[in-house]
Visitor: 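I have a structure I would like to understand better, so I am pasting it below and will then ask my questions one at a time.
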Amino acid sequence: MSEKPIRMRQSAKCLAVAWRGFSFLLLLTVMLSSFMEKDKYSVTLTADQRRRFDYFFLEAQRLQQQEKYAASFDLLNHCLDIDSTAAEVYFCQAMYYSLLKQDSAALCRLERAAALRPDNMTYLERVAQYYYNTQNVAKAIEAYERIANHYRDRSDVQNILLHLYQQQKDYDQMLRCINRIEQIDGNSEEIALSKVMVYELKDDKKSAFKALKDLSAEHPYDLNYRVMMGNWLMQNDKPKEAYRIYMAASKEDPENTYVQSSLYDYYKAVGNDSVAQQLMERILINPKTEPKGKVTMMRQVIEENERQGGDSLQVLQLFDRIRKANPNDVTMAELKVAYMNMKHMPDSIVDGAMRQVLQIAPDHAAMRMQVLQHLLREQRWEEVAVVSQAGTEYNPEEMAFYYFLGLAHYQAEDNDAALDALRRGIGVVTDESEPAIVSDLYSIMGNILNEKGLKQQAYEAFDSCLKWKSDNIECLNNYAYYLSVENKELDKAAQMSYKTIKAEPRNASYLDTYAWILFRQERYAEAKIYIDQALANDTVAHSQPSAVVLEHAGDIYVQNGLTAQAVAFWQQALQARGGSAQLPKKIQLQKYIADDDKNNP
């Protein structure tokens, strides 16, 4: 057999990972079975050759366990030099080739091993798997039939053969496999339905119905099997026979939802829409109906309603009747919310439906998030706090609820409560948490800590914020401004601030921050360029720049020698009633006076 030699040393690294997944128990089984079969199949070896073969083969396995794959493979080749009929060696080499994705070489060795040991089912099964995976259906069938003859109690092999024969459309052989599975595992609904499917593929309607009838006879107290017979009759254009079965089943169990659903389909099929409508509502209101079945039917109702013009009032009234009969049915309550969203109904109406879901399932985190989205859009902070607080109680592991609770308290200027909520939120942060929310959580915490005068803790919070989201623009601006107020790490502040104006070049607050940092660095000419842009874009109060921006403009202008214009800016800032405590002195002395600069960014 002439083949390109395997490059074991270059491939050792990938084998080191892949081989760990190979079953050592399987390898041990192969070794033991091969030793037991030696006398039956091997060439005659002298005692010395046998000792040498056994030594090198076992040494190859030992080296393989030590992940010395190249040396192990070399020893396997040496084993073949001693005994070219050693099936176990070919099998082991096949595993190496397989792990190296050299499937043709692997298959060649597996076939050789199986040919040398035709009674070894482990070898044959590996060959069969290769044929199956490569879609060599004919050879796969031949191999699996041999395995099935050897292991007559293995239904898994029969299932594989069933699939293979299906690809060949050999329906008789499929039935043979199904019957064999039935002998091994016993009759079941799945087996009976498989028979029905194959008989229908053969266009043998009589046998298909008989298989269903036999299944029903074996389970005389299970109405579902009788209903299956009725459904089959409906699908095969025999509505009258199906109706008789449905009505007989309905008399036995009037509340059986499977029977009701089949009757509904019957009435729809024969055009009796009024009765079908009554039955549909009965099914939807019935507490015994499975949630999945209700959802399917309700979607049909909605689709039909949309085809007829989309009268949402009819659908909503039906939802209300269902809820009245099933007050704890969370599935239908969720579907009602989804329907309202599909119809783009006002938030105020949808909000009520979502809160009904939370009444039934207060730990429904996703629905609570939707409620919060509505409240946040309208900035209803008191309600945000209430809904978020409940979220932290019912879903204490959900970090977002702590964030929204902290945000609501922060907006209400209750910094202590906000800080408490945010710190509790940090306690449940994981690697799977949403980075943007975690980043904002740290950002708000940094602002609060800064307001409390805890500068170092504030900066640590900002650093954490940027680790989670390096482009958190608000954090970059605030962090940079606070550093400029402290007149420290100005280069770092400038780098952060510059990112903000690149992201939002018309944001007056960001332009003002950058201009002020340049001022702190005594880069007055550059500072003037950016403060002029801030003035042009700042229209906070009555289309006039804010007091903070105006005072900064005065400070920058005076340092550029433009005293008259600087004083004018300071006077405007004084009128805007938002300047620093030093502002009157600046106007009086007509020069810049350093101060604590307590302004907010």
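All figures in this text were calculated on a predicted structure; none of them were measured in a lab.
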Visitor: Can you list everything that forms a salt bridge (Lys or Arg N to Asp or Glu O under 4.0 Å) with Lys101? Sequence neighbours excluded, please.
Guide: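 Counting only residues at least two positions away or on another chain, Lys101 forms no salt bridge (Lys or Arg N to Asp or Glu O under 4.0 Å).
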Visitor: Is a side-chain donor or acceptor of Ser207 paired with a backbone partner of Asp204 at a separation under 3.5 angstrom?
Guide: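 Between the backbone of Asp204 and the side chain of Ser207 there is no qualifying donor-acceptor contact (under 3.5 Å).
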Visitor: How are the rings of Tyr97 and Phe73 set relative to one another: parallel (under 30°), tilted (30 to 60°) or perpendicular (over 60°)?
Guide: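 The arrangement is perpendicular - the two ring planes meet at more than 60°.
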Visitor: Under the rule for salt bridge (Lys or Arg N to Asp or Glu O under 4.0 Å), what residues qualify as partners of Asp81, not counting sequence neighbours?
Guide: none
Visitor: Tell me, please, which residues at least two apart from Lys469 pass side chain to side chain donor-acceptor pair (under 3.5 Å).
Guide: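 By the side chain to side chain donor-acceptor pair (under 3.5 Å) rule, Lys469 matches Asp471.
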Visitor: Sort and list the pairs that fulfil salt bridge (charged side-chain N to carboxylate O under 4.0 Å, His left out) and have at least one residue in residues 156-167, not counting sequence neighbours.
Guide: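 Passing the test, one end in residues 156-167: Arg154-Asp156.
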Visitor: Check each of Arg52, Arg51, Arg50 against Asp54 using the salt bridge (Lys or Arg N to Asp or Glu O under 4.0 Å) test, and report the only one that passes.
Guide: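 Result for salt bridge (Lys or Arg N to Asp or Glu O under 4.0 Å) with Asp54: Arg50.
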Visitor: Please, which pairs that meet ring pair (Phe, Tyr, Trp, His ring centres under 6.0 Å) have at least one residue in residues 133-165, sequence neighbours excluded?
Guide: Tyr132-His163
Visitor: Taking NZ in Lys205 as the centre, count heavy atoms belonging to other residues, nucleotides or ligands within less than 6.0 Å. Is the count above 12?
Guide: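 Yes - once you tally the heavy atoms of other residues, nucleotides and ligands closer than 6.0 Å, there are more than 12.
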Visitor: Can you sort out the partners of Glu59 under salt bridge (Lys or Arg N to Asp or Glu O under 4.0 Å), two or more places apart, ordered by chain and number?
Guide: Arg62
Visitor: Can you confirm if the NZ or CZ of Arg126 lies within 45° of the ring axis of Tyr123 and under 6.0 Å from the centre of its six-membered ring?
Guide: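 Output no; distance or angle outside limits.
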Visitor: Report the residues that fulfil side chain to side chain donor-acceptor pair (under 3.5 Å) with Glu474, sequence neighbours left out, ordered by chain and then residue number.
Guide: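 Partners of Glu474 under the side chain to side chain donor-acceptor pair (under 3.5 Å) test: none.
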Visitor: Within the side chain of Tyr90, is there an N or O that forms a donor-acceptor pair under 3.5 Å with the backbone of Ser84?
Guide: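 Looks like yes, one N/O pair under 3.5 Å.
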Visitor: What residues form a side chain to side chain donor-acceptor pair (under 3.5 Å) with Thr500, not counting sequence neighbours?
Guide: none
Visitor: If we ignore hydrogens and angles and just use 3.5 Å, is the side chain of Thr392 paired with the main-chain N or O of Gln389 as donor and acceptor?
Guide: yes
Visitor: Can you sort out the partners of Asp431 under salt bridge (Lys or Arg N to Asp or Glu O under 4.0 Å), two or more places apart, ordered by chain and number?
Guide: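 For Asp431, no residue satisfies salt bridge (Lys or Arg N to Asp or Glu O under 4.0 Å) once neighbours in sequence are set aside.
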Visitor: Residues in side chain to side chain donor-acceptor pair (under 3.5 Å) with Ser464, at least two apart?
Guide: none
Visitor: Pairs in or reaching into residues 289-298: which pass side-chain hydrogen bond (donor to acceptor under 3.5 Å, both in side chains), with residues at least two apart or in two chains?
Guide: Lys294-Asn326, Lys294-Asp329
Visitor: Please list, one pair per line, the donor and acceptor atoms closer than 3.5 Å that link side chains of residues 222-230 to other protein atoms, with sequence neighbours excluded.
Guide:
{"unit_1": "Asp222", "atom_1": "OD1", "unit_2": "Asn224", "atom_2": "N", "d": "3.0"}
{"unit_1": "Arg226", "atom_1": "NH1", "unit_2": "Glu252", "atom_2": "OE2", "d": "2.6"}
{"unit_1": "Arg226", "atom_1": "NH2", "unit_2": "Pro220", "atom_2": "O", "d": "3.2"}
{"unit_1": "Arg226", "atom_1": "NH2", "unit_2": "Glu252", "atom_2": "OE1", "d": "3.2"}
{"unit_1": "Arg226", "atom_1": "NH2", "unit_2": "Glu252", "atom_2": "OE2", "d": "3.3"}

Visitor: What's the verdict on salt bridge (Lys or Arg N to Asp or Glu O under 4.0 Å) for Lys455 and Glu489, showing C-alpha distance, side-chain angles and the deciding distance?
Guide: CA-CA 13 Å; Lys455 303 292 185 182; Glu489 298 187 72; over 6 Å; no
